Amino acid sequence: MGSIETSEKDGVRTLHFGSALVQGAMRVARPWSLELEYTREMMLPLLLGAGRAWPRAVLQVGLGAASFTRFLHRHFPATRVAVVEIAPAVVAVARQSFRLPPESHRLSIAIAEAHEWLAGSRRRFDLVLVDGFDDEGNAGMLESLPFYLNCRERLAPGGFLAANLLTHRRPVHPVARRLREAFGERVQLLPPCSSGNTVAIAARDAAFPIDPAALREPALALKARTGLDLTPTLDRLSLR
């Protein structure tokens with residue numbers, strides 16, 4: 001990993017690992033909101049989960065600018081979030097510059113390589129968020145078949161995985177193939193974001209594909225509750 005740097009423009013603070021590649025962002029005036037499009041789209045499982053109390057437990061792979069952490073901490077007070085981050089310096093910067101909430105019974109942070117951590121864990125999660133890259137945009141083992149198989153094994157019944165596939169430099173098909181090897185046909189790729197990110201949603205046991213029309217009402221309820229508007233994502237899915 002390169003040097004860890006932050007920059008700020010037009011009220012948005014961004015995180016970089018020694019390059020221009022944005023590793024996370026926070027709007028300073030609304031730190032709990034999800035600033036980047038792909039981070040919003042990775043919350044699509046919130047429309048698919050079983051009931052208002054879902055998710056009870058979330059695994060966040062890769063801390064970055066702590067966007068998911070802040071959002072869940074503010075809007076889902078009953079949810080327990082476990083973060084696995086390989087670089088202690090990223091955690092330090094998130095605390096200093098990106099308003100990372102303090103550790104508590106609701107939030108735990110492990111400094112570890114996520115593939116090894118997950119292979120050694122016996123915990124179950126309703127939602128696994130995978131968004132871990134180095135300074136060149138490589139995910140390493142976090143895009144491997146063994147990692148995806150371990151993710152599926154650690155999902156609770158009715159659980160989902162949401163993964164950021166950084167595809168502006170390479171095709172998405174090899175990673176999607178590995179996801180389908182792990183999850184079968186219970187994988188859906190969302191239309192690519194303008195930033196070059198493609199979000200993949202995988203289900204432990206739910207039927208796919210996602211039906212945008214059926215999710216319209218839950219999306220409006222989520223927007224009223226948290227301010228997160230997923231109707232543009234549903235609109236894009238409807239056009240496919």
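All values reported here derive from a predicted model rather than from experimental measurement. The first residue in the sequence is number 1, and the count goes up from there.
- Annotation for P45 and W54: closest pair O-CZ3, 3.3 Å, computed over non-hydrogen atoms.
- When each of V84, L100, V81 is checked for a side-chain contact (heavy atoms from CB on, under 4.5 Å) with I109, only L100 meets the rule.
- Side-chain heavy atoms closer than 4.5 Å link hydrophobic residues (I, L, V, M, F, W, Y) into clusters, and following such links, possibly through other members, connects L142 to V172.
- Under the 4.5 Å side-chain heavy-atom criterion for ILVMFWY residues, no single connected hydrophobic cluster contains both L149 and V187.
- Side-chain atoms of W117 and L59, non-hydrogen and from C-beta on, do get closer than 4.5 Å to each other.
- Expressed to the nearest 0.5 Å, how far CG of L179 lies from SG of C151 amounts to 9.0 Å.
- Between L127 atom CG and T79 atom OG1 the span is 9.0 Å, to the nearest 0.5 Å.
- Transitive grouping of hydrophobic side chains (ILVMFWY, heavy atoms separated by less than 4.5 Å) keeps L46 and W32 in distinct clusters.
- Contact of the R178 side chain with the E143 side chain is registered, since non-hydrogen atoms from C-beta on lie closer than 4.5 Å.
- Residue L222 forms a side-chain contact (heavy atoms from CB on, under 4.5 Å) with just one option from L230, T231, D229, and that option is L230.
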Pair S7, H16 - check side chain to side chain contact (heavy atoms under 4.5 Å, CB included), show working. CA-CA 8 Å; S7 62; H16 310 268; 3.0 Å; yes
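- Rounding to the nearest 0.5 Å gives a distance of 6.5 Å between CD1 of I111 and CD of E85.
- Under the 4.5 Å side-chain heavy-atom criterion for grouping Ile, Leu, Val, Met, Phe, Trp and Tyr, L63 is connected to V22 within one hydrophobic cluster.
- Applying the side-chain hydrogen bond (donor to acceptor under 3.5 Å, both in side chains) test between T69 and each of R74, R99, Q60 identifies Q60 as the sole match.
- Electrostatic pairing of D211 and R216 does not count as a salt bridge here, judged by no charged N lying under 4.0 Å from a carboxylate O.
- Across all non-hydrogen atoms, the minimal contact from L165 to A200 is CD1-CB, 3.9 Å.
- We find that E181 and R152 are not joined by a salt bridge, their nearest charged nitrogen and carboxylate oxygen being 4.0 Å or further apart.
- The shortest distance between side-chain heavy atoms of V58 and F125 does not fall below 4.5 Å.
- Counting heavy atoms from C-beta on, the side chains of L34 and M43 come closer than 4.5 Å.
- Under the 4.5 Å side-chain heavy-atom criterion for ILVMFWY residues, no single connected hydrophobic cluster contains both M141 and Y148.
- Rounding to the nearest 0.5 Å gives a distance of 8.0 Å between OG1 of T233 and CG of L228.
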For the pair L161 and F183, evaluate side chain to side chain contact (heavy atoms under 4.5 Å, CB included) and give the outcome as yes or no after the intermediate values. CA-CA 10 Å; L161 174 144; F183 287 87; 4.3 Å; yes
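- The minimum heavy-atom distance linking R123 with S108 is given by the pair NH1-OG, 4.3 Å.
- Using a 4.5 Å heavy-atom cutoff, the side chains of N164 and M42 are in contact.
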Begin with the C-alpha distance, continue with both residues' side-chain angles, and end with the deciding distance and a verdict on side chain to side chain contact (heavy atoms under 4.5 Å, CB included) for F160 and L44. CA-CA 10 Å; F160 290 89; L44 189 64; over 6 Å; no
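- Put simply, the side chain of R70 gets close to the backbone of F98: a donor and an acceptor are under 3.5 Å apart.
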Evaluate the side chain to side chain contact (heavy atoms under 4.5 Å, CB included) criterion for residues L215 and L237: first the C-alpha distance (whole Å), next the side-chain angles of each, then the deciding distance (0.1 Å), finally the verdict. CA-CA 11 Å; L215 298 180; L237 278 170; over 6 Å; no
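- Within the 4.5 Å cutoff, no side-chain heavy atoms of E35 are placed close to those of S67.
- Around CZ of R56, the count of heavy atoms belonging to other residues, nucleotides or ligands within 6.0 Å does not exceed 12.
- We find the CG-CD distance between D131 and Q23 to be 8.0 Å, quoted to the nearest 0.5 Å.
- Nearest heavy-atom pair across V12 and A25 is CG1-CB, 4.0 Å.
- Side-chain N or O atoms of R13 include one that pairs as donor or acceptor with a backbone N or O of S97 at under 3.5 Å.
- The two residues R122 and A119 make their nearest non-hydrogen contact at NH1-O, 3.6 Å.
- In this structure, CD on Q188 lies 13.5 Å from CZ on R186, to the nearest 0.5 angstrom.
- C193 and R236 make their closest contact through N-NH2, 3.8 Å (heavy atoms, listed as atom of the first residue, atom of the second, distance).
- A cation-pi arrangement is absent between R106 and F76 under the rule of less than 6.0 angstrom and at most 45 degrees off the ring axis.
- For the pair L36/N197, no side-chain contact is recorded, criterion being any heavy-atom separation below 4.5 Å from C-beta on.
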